Amino acid sequence: MHLSAGRSFSCAEQRLVIIGLGLIGGSLAAALRASGFKGVIAACDLDQDEINRGIEMGLIDEGGKDIATQLVDASMVVLAVPVLAMEPVMAALAEALPRAASHVVLTDVGSTKATIRSCAVRVFGEVPPNMVLGHPIAGSEKSGVAAANPELYVHHRVILTPEPNVNPDALARVRALWQVCGADVLEMDVERHDQVLARTSHLPHLLAFSLVDTLARQDERLEIFRYAAGGFRDFTRIAGSDPVMWRDIFIANRHAVLASLDDFEAGLARLRQAVESGDSDTLIATFDRASHARHYFDTLLNKTSYQAEYNMQPQGKVTYRVHSGGQAKGRIRVPGDKSMSHRSIMLGALAEGVTEVKGFLEGEDSLATLQAFREMGVAIEGPHQGRVTIHGVGMQGLKAPAGPLYVGNSGTAMRLFAGLLAGQAFDSELTGDESLTKRPMARVADPLRLMGATIETAEGGRPPLKIKGGAALKGIFYDMPMASAQVKSCLLLAGLYAQGETRVREPAPTRDHTERMLNGFGYTVSREGDTCWLQGGGKLTAGPIDVPSDISSATFFLVAAAITPGADIMLEHVGINPTRIGVINILTLMGADLILENEREVGGEPVADIRIRYAPLKGIDIPVDQVPLAIDEFPALFIAAANASGTTRLRGAEELRVKESDRIQAMADGLAVLGVEHTVVEDGVDIVGNGNADAPSYGGGRVDSLGDHRIAMAFTIASLRASDDIVIDDCANVATSFPSFVDLANKIGMHIRVESRHD
Ligand code: S3P
């Protein structure tokens, strides 16, 4: 990999002085050199041999032992000495640098920050505004300048911990220093840094040192290491690290390390107990949670996960560059239904017995639900190719999670969890990503309060939700002010824990997967007309679940075929629950050539293969009763409307404004870029289609999906009939519902290029 390739960062320091020329300082010099850095690099080290080696290796221009000599004309100084050597070095700096030299930026690379901040306060009276403490999270078990590696920081994180008084120019320059080395730079406060590092770096080092030492002591001749295999090697590689550096770190970050060691010892004691008593459930639950957390960590490293944001890593921006034109042909199977996937985990976890799920959607939203149950002590195997095995813990078997439950982008997870958690004995907190944090939660918090729950929301009824455990819930009759399956499901789930009957009336039919699945688990939910109800206090019995393909994901391909002359697509095994088929009805009314084949029932849900071929579409007034039945399908249907002849009119769809984005506005803005005539109203839109099989329907351009997966996919499909390429920004969240979307779209004959960028 070439360091400067594709990077626009530059570092304009005239003279950079590195104090302490070891692996970290030497690698910084090497990376700067590789980036084409124009300034002088000087180094200071007590060991003249290291300086000489650095010069020989071409990493530094000059150097010596005396700090004052090297500081002349310096523009930036990087302290790269062990943590406990920081104070004398800072004292020397304070003496050598006149106080007026505030243009000289000071920074460091120490692995602990609170002690270094204290040193600065002792030496300078405060952390000077031109000092930006930092920590590159990179290293190696090797030490010394000889091990310097110009790629050490590429795609590694550098955490800066600026103080409130920091000079913004100094901060920008330290950022630039690391960015030219290929690092991802982020900021956090000193305390958080030290806690995070104690857990993710210091504790593992302590364990590796301890394990190797324990074994080495037991076997004086080190005979045992001859038999050690990969597991030992993988676990203990870091025990070869620099002892002095690590001694300093453990002394400096004592408090945070001890806290993380306490947690670790408690975990180890639990495992010890499980091994001793042959407690296979605990062993499986622990290993399974750990194994998945480890895989999850891999996805974080690959930056594919929504939790990247949660963990304060810089989030990758994904852009789709979609070639105009292309074909829509083939036989495909889209992933499992998102709504059912969430519910399969929730009910499986609360059931007695083992639930085997097939067809589970391995998208970020449903994985967030799965992960949340692991955090509440449920052993869940998988997912492996859509198969998940849930070891149900029974209605009262969930355990308090160690921290807030993070559900990413998923409104369904947050709202359904709100009901389920309101019935637990423990307190809980639900958080989500930036988009979810803007979405309304009063719609569930208010009726749950009527049931006796204590729930705190942020201002305006937004997340996070803080739910008090131990509430005595009582059943209510709730007349829902909006048609929402999430609100209905939330109340039914709370109703499982409530005394008496919980009844919900819906103003229009909404998806009924919760009712169907509860019945499938042997928990009676009754319905009469627009009202459904259940009695609290029952139990769920595990059983197999077969999740069909998601009609909401299939919709993008239905529309792709409906608008593309010559198209012929077969979508296999799609769920056609009557509460979800608005899109089929609407497309059919518009004139689409769509037929259902092989209709069957799978695990209580109707399923069919859907064949769709191109036929000219015409604009229609969308029947209002179809709106809740197609609520997630409108972004794609807007594209169908733009390709129809005449005007398509949508009304009664104000709920679209509170989805992952304001979908009416987000689609209108994108349509404007393409040059599609439309008029927005509060609860809908009029779209004037320009459908003509012989010419493109609109132009191309750059569209912002606003991080909404369905907006991103809708405009991707639009490219089939655009005269120019469409570039769609902020597409990472397609992974929440449809991780294989681009592959499948390319498979039917589209041309999508995915570009990822890390700021
Ligand atoms: C869902 C219900 C709908 C839908 C969402 C999934 C569900 O939301 O938009 O994607 O699984 O219950 P509302 O209940 O807010 O309409």
Side-chain angles (χ1 to χ4, degrees), residues 338-339 342-343 346 365 368-369 405 407-423 428-468 471 473-498 502-515 530-534 579 627-632 634 652-665 682-684 708 710:
K338 181 150 73 80
S339 295
H342 282 297
R343 288 155 170 86
M346 293 184 170
D365 276 9
T369 289
L405 296 168
V407 295
N409 195 243
S410 178
T412 307
M414 186 166 281
R415 297 198 178 114
L416 270 57
F417 266 126
L420 194 157
L421 292 170
S428 53
E429 180 174 347
L430 288 163
T431 65
D433 71 3
E434 206 191 319
S435 146
L436 186 57
T437 303
K438 293 187 195 128
R439 296 182 65 188
M441 292 298 147
R443 55 178 58 198
V444 289
D446 289 344
L448 286 172
R449 287 179 189 129
L450 294 176
M451 293 178 78
T454 307
I455 301 185
E456 253 180 65
T457 64
E459 219 182 290
R462 315 277 154 188
L465 297 182
K466 292 186 181 153
I467 302 168
K468 200 99 204 98
L473 300 183
K474 54 184 188 311
I476 54 167
F477 177 16
Y478 192 63
D479 199 352
M480 280 199 297
M482 76 289 288
S484 166
Q486 293 177 358
V487 176
K488 171 178 66 176
S489 304
C490 163
L491 299 183
L492 291 177
L493 291 174
L496 301 176
Y497 291 92
T502 298
R503 269 180 181 264
V504 187
R505 197 189 80 82
E506 45 191 0
T510 65
R511 63 193 68 191
D512 62 359
H513 305 301
T514 306
E515 299 93 298
D530 56 9
T531 303
C532 62
W533 66 92
L534 54 70
T579 58
V627 172
L629 310 184
I631 194 68
D632 289 338
F634 284 104
E654 55 281 340
E655 275 293 303
L656 291 182
R657 293 204 181 265
V658 290
K659 296 292 178 189
E660 285 83 331
S661 67
D662 172 346
R663 285 186 173 157
I664 295 179
Q665 199 54 51
E682 194 42 40
D683 64 340
D708 183 331
R710 300 202 199 280

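No experiment lies behind these values; they were computed from the predicted model shown.
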Using modelled atom types and a 3.5 Å cut-off, is there a donor and acceptor pairing between side-chain atoms of Arg462 and backbone atoms of Lys438? yes
Between Arg663 and Asp708, is there a salt bridge with N-O shorter than 4.0 Å? yes
Lys488 NZ to Asp512 CG distance, which is reported to the nearest 0.5 Å: 6.0 Å
Quick one: are Val627 and Glu655 in side-chain contact, heavy atoms under 4.5 Å? no
So how far is it from Asp530 CG to Asp479 CG, rounded to the nearest 0.5 Å? 8.0 Å
Residue pair Cys532 / Leu492: nearest heavy atoms and the distance that separates them: SG-CD1, 4.2 Å
Between atom CG of Leu430 and atom CD1 of Ile467, what is the distance when rounded to the nearest 0.5 Å? 4.5 Å
Are any non-hydrogen side-chain atoms of Pro440 and Arg415 less than 4.5 angstrom apart? yes
Smallest separation among heavy atoms of Ala498 and Lys474, with atom names: CB-C, 3.7 Å
For the residue pair Arg439 and Pro463, what are the closest heavy atoms and their distance? O-CD, 3.3 Å
Which atom of Leu448 lies closest to which atom of Ala494, heavy atoms considered: CD2-CB, 3.5 Å
Between Ser435 (side chain only) and Glu660 (backbone N and O only), is there a donor and an acceptor less than 3.5 Å apart? yes
Are Met480 and Pro507 side-chain neighbours, meaning at least one heavy-atom pair lies under 4.5 Å? yes
Do side-chain atoms of Arg657 reach the backbone of Ile664 as a donor and acceptor pair under 3.5 angstrom? no
Between Thr437 and Gly432 the two heavy atoms that sit nearest each other are OG1-O, 3.4 Å
If you look at every heavy atom in Leu436 and Ser410, which pair is closest and at what distance? CD2-O, 3.6 Å
Of the options Leu421, Leu405, Thr457, which is the one that meets Leu465 in a side-chain contact (heavy atoms from CB on, under 4.5 Å)? Thr457
Could you grab the distance from atom CG of Asp365 to atom NZ of Lys338, nearest 0.5 Å is fine? 4.5 Å
Output the distance between atom OG1 (Thr514) and atom CZ (Arg343), rounded to the nearest 0.5 Å. 3.5 Å
Asp683 (side chain) donor-acceptor with Glu654 (main chain) under 3.5 angstrom: no
Between atom CG of Leu491 and atom CZ of Arg503, what is the distance when rounded to the nearest 0.5 Å? 14.0 Å
